[in-house]
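Computed from a predicted model, the values in this text were never measured in an experiment. Side-chain atoms are counted along with the backbone in the values below, which use heavy atoms only and exclude waters and symmetry mates.
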Amino acid sequence: MPVLLHDTMSREMRPLLPRRPDGVYGMYCCGPTVYGPAHIGNFRTFTIQDTLRRTLEVSGIHVRHVRNITDVDDKTIRGAQAAGKSLAEFTKGWTDKFHHDCQALELLPPQVEPSAVAHIPQQITMIAALVARGHAYVAKDGSVYFKVCSCPDYGKLSHLDRSNLSTQSTNSAGEANDADEYERESAADFALWKSRKPEDGPNFWPSPWGEGRPGWHIECSAMSLEHLGATFDLHAGGVDLCFPHHENEIAQSECATGVKGFAAHWFHSAHLMVEGEKMSKSLGNLYTLDDLKAKGWSPMEVRWTLLSGHYRSPLNFTMKGLDDARSALGKLERGLDNLLTTAGFTRAEFLPPTTHETQTAWGRFLPAWEKLCDDLNVPGAFGEIFKTLSNPAKDLTAAREDISGLAKILYALGITPFAVKAEVAIPANIRELAEKRWAAKQAKDFQGADSLRNQITAAGWTMLDRKDGYDLKPGA
RNA sequence: GGUGCGGUAGCCAAGUGGUAAGGCCGGGCUCUGCAAAAGCCCCAUUCGUCGGUUCGAUUCCGACCCGCACCUCCA
């Protein structure tokens with residue numbers, strides 16, 4: 001069953017199938033700018049991209065996933081200087097942090113993770129090609145700009161009106177867009193190479209146009225060409241990148257290589273809201289994974305929450321949503337436990353699928369898989385999973401088929417049940433009260449047991465009795 | 001103003017030309033010394049508003065209202 005996905009450029013639902021003869025599906029995702037910790041909005045996009053990649057893999061497609069690291073731009077340079085570190089040292093730290101968070105969120109590592117700094121020669125080569133072909137010009141200060149009017153179909157991705165663009169010299173805030181705007185022939189033109197400025201410090205590279213550094217947009221064009229070729233299957237990013245970043249990438253790449261059809265499919269995911277408001281530093285709602293961990297949420301609960309809405313709709317991220325996710329994950333685990341019992345398996349035997357051959361059983365989870373294949377409908381798939389789980393499997397054989405299907409679905413979603421919960425240290429005094437209460441209960445001293453329960457509750461803990469013992473958890 | 005997305009129960013959120021998935025919360029019951037957990041059951045005559053097409057529309061068409069995003073910092 002092919003995976004169907006909405007394409008931004010054609011605005012159509014299209015099947016995702018490898019175009020290359022070797023069957024490899026090339027997927028390029030705009031990665032993070034490593035000047036600080038990524039926030040959950042960034043991770044919504046990366047989690048959705050990861051889910052698409054996993055879904056393609058389960059459908060039997062061999063994916064080559066490329067996600068770049070932007071390690072040179074205004075923010076990284078400024079950050080490095082503020083931290084008193086070299087650019088490389090500064091971005092290495094934040095890249096490591098990003099990888100750590102990705103791992104916690106079960107994001108599969110891309111096959112290739114190119115760095116912009118490591119691809120400066122390729123960027124220079126591409127800029128030189130653009131200059132040679134008349135698509136770029138060198139300004140007096142040694143900066144190089146892309147000549148938007150030289151690209152007749154500029155705007156085809158975002159469907160923007162070109163005449164409107166060329167007259168626009170201020171942004172929505174009414175500010176001039178660039179200090180060097182007078183260097184440009186047209187306000188719509190954008191920088192390919194930025195000439196060296198004093199504030200860049202030691203961060204400049206030689207080029208045929210003098211010392212400087214690459215513009216932001218050219219990075220992705222050069223890296224996708226290097227690792228996927230002049231045309232490839234899918235390009236992904238957040239909606240905000242649609243214009244101008246992706247539009248510029250198309251123009252640069254197609255004009256530099258002379259090959260039309262840069263990316264066959266454009267995949268954009270909607271933004272994340274927090275508690276009903278746009279995320280911003282001033283509102284103080286720019287959560288990182290660490291912020292949420294500190295509030296007691298597990299990365300898996302965060303992943304579930306990030307996936308709980310369709311990728312093309314804005315998602316309102318709330319603490320209530322995390323709470324819902326926790327309950328839902330618990331329900332999933334209980335349902336899976338039932339299935340494993342019927343199948344005669346232990347939890348340890350529930351493993352992610354190592355191969356994703358389409359002929360292996362889906363059991364009753366085929367409808368859930370069909371949802372996922374239909375424009376990556378994750379909420380729909382969640383619904384189907386729970387609907388199926390609410391009915392017991394008929395027998396051992398049926399349960400085993402179900403488990404095969406569910407394992408593949410959960411792999412595609414990147415949901416790992418039975419994750420080890422964070423062990424909360426129980427204070428000795430609480431432990432002591434609990435022991436006393438348990439003893440009192442065994443002795444049928446219910447008055448004493450109730451009194452001890454009250455003390456435990458007052459101390460901020462909850463004692464949960466089982467037949468053969470008890471559990472303690474923080475909170476009322 | 002331009003472009004795009006969306007308005008479905010208390011909250012989150014799928015979906016369909018034939019009479020509304022699922023999750024959370026809430027309510028009831030069972031179990032339980034109590035409490036919790038768990039299990040079972042219940043929980044939208046209705047899908048922003050108004051028209052149109054139709055035997056039938058939440059689903060198609062039109063208008064309108066409202067919300068959101070992007071329009072050269074942004075996942």
Side-chain angles (χ1 to χ4, degrees), chain A residues 6 8 11 29-33 38-49 73-75 148 155 158-161 163-165 168-173 175-178 181 187-191 216-217 236-245 247-248 268-273 276-280 304-305 308-310 312-318 320-332 334 338 367-368 371 374 377-390 437 441 444-447 449-450 453-454 456-457 462-467 470-471 473 476:
Chain A
H6 182 266
T8 309
R11 299 174 179 174
C29 301
C30 289
T33 302
H39 55 68
I40 50 169
N42 298 310
F43 280 120
R44 179 188 193 198
T45 297
F46 298 135
T47 302
I48 287 168
Q49 290 165 353
D73 79 324
D74 292 350
K75 282 179 284 198
V148 167
S158 41
H159 309 277
L160 291 173
D161 182 2
S163 59
N164 187 27
L165 287 174
Q168 193 162 1
S169 60
T170 57
N171 62 22
S172 51
E175 301 157 332
N177 285 316
D178 258 315
E181 124 183 60
D189 294 350
F190 54 89
W216 175 46
H217 308 297
V239 272
D240 53 294
L241 295 186
C242 189
F243 186 88
H245 184 58
E247 200 69 71
N248 293 354
H268 290 107
S269 42
H271 273 180
L272 189 73
M273 315 278 288
E277 291 182 298
K278 188 176 173 170
M279 280 194 311
S280 72
W304 185 285
T305 306
S308 65
H310 187 93
R312 281 201 278 149
S313 301
L315 177 72
N316 186 18
F317 188 94
T318 61
K320 166 79 162 55
L322 284 164
D323 209 31
D324 290 359
R326 174 170 292 179
S327 301
L329 270 163
K331 187 165 183 157
L332 175 73
R334 292 191 299 275
N338 289 338
K371 290 285 181 192
D374 182 13
N377 185 350
V378 175
F382 280 161
E384 293 294 343
I385 289 169
F386 284 113
K387 192 156 63 166
T388 302
L389 243 24
S390 69
R437 183 180 160 272
K441 182 182 166 176
K444 303 222 183 278
D445 170 18
F446 296 128
Q447 210 171 1
D450 284 349
R453 175 185 285 290
N454 288 339
I456 292 167
T457 305
T462 302
M463 185 166 175
L464 305 176
D465 293 358
R466 286 181 280 109
K467 273 205 179 91
Y470 61 88
D471 294 313
K473 67 165 193 177

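- Under the Watson-Crick or G-U wobble criterion, with both distances below 3.5 Å, B:G26 is paired with B:C42.
- On a pure distance criterion of 3.5 Å, a polar donor-acceptor pair joins the side chain of A:D450 and the base of B:G33.
- Rounded to whole angstrom, the span from the CG atom of A:D465 across to the P atom of B:U32 amounts to 14 Å.
- Searching all strands for a Watson-Crick or G-U wobble partner of B:C60 with both distances below 3.5 Å returns B:G52.
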- prompt: Between A:M279 and A:H39, does a side chain to side chain contact (heavy atoms under 4.5 Å, CB included) hold up when you go through it step by step?
  reply: CA-CA 10 Å; A:M279 280 194 311; A:H39 55 68; 3.3 Å; yes
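- Rounded to whole angstrom, the span from the CG atom of A:D240 across to the P atom of B:C74 amounts to 7 Å.
- Pair assignment for B:G4 gives B:C68, based on Watson-Crick or G-U wobble hydrogen-bonding distances that are each under 3.5 Å.
- Counting only heavy atoms from C-beta outward, the side chains of A:F386 and A:L332 approach each other to under 4.5 Å.
- A:L272 comes within 4.0 angstrom of a nucleotide base, judged by non-hydrogen atoms across all strands.
- Taking for each of A:R334 and A:A270 the nucleotide of RNA chain B with the nearest heavy atom, the 5'-most of the two is the partner of A:R334.
- Scanning atom types as modelled, no donor and acceptor separated by under 3.5 angstrom connect the side chain of A:R453 and the base of B:G33.
- Side-chain proximity of A:D324 to the nucleotides B:C24, B:C70, B:G33 is greatest for B:C24.
- Distance, A:L315 CG to B:C12 C1': 9 Å, rounded to whole Å.
- Base contact: A:K441 has a heavy atom under 4.0 Å from a base atom.
- For the pair A:K473 and B:A36, the criterion of a side-chain N or O lying under 4.0 Å from OP1 or OP2 is not met.
- In this structure, of B:C11, B:A36, B:U72, it is B:A36 that holds the atom nearest to the side chain of A:L464.
- Looking at heavy-atom distances under 4.0 Å, A:R466 makes no contact with the nucleic acid at all.
- Out of B:A69, B:A36, B:G33, the shortest distance to the side chain of A:F446 is found at B:G33.
- With hydrogens and angles ignored, the 3.5 Å screen pairs a side-chain donor or acceptor of A:R44 with a backbone N or O of A:H271.
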message: Between A:V378 and A:H310, is the side chain to side chain contact (heavy atoms under 4.5 Å, CB included) condition met? List the steps.
response: CA-CA 6 Å; A:V378 175; A:H310 187 93; over 6 Å; no
- request: Verify side chain to side chain contact (heavy atoms under 4.5 Å, CB included) between A:D324 and A:L322, making sure each step is shown before the conclusion.
  value: CA-CA 5 Å; A:D324 290 359; A:L322 284 164; over 6 Å; no
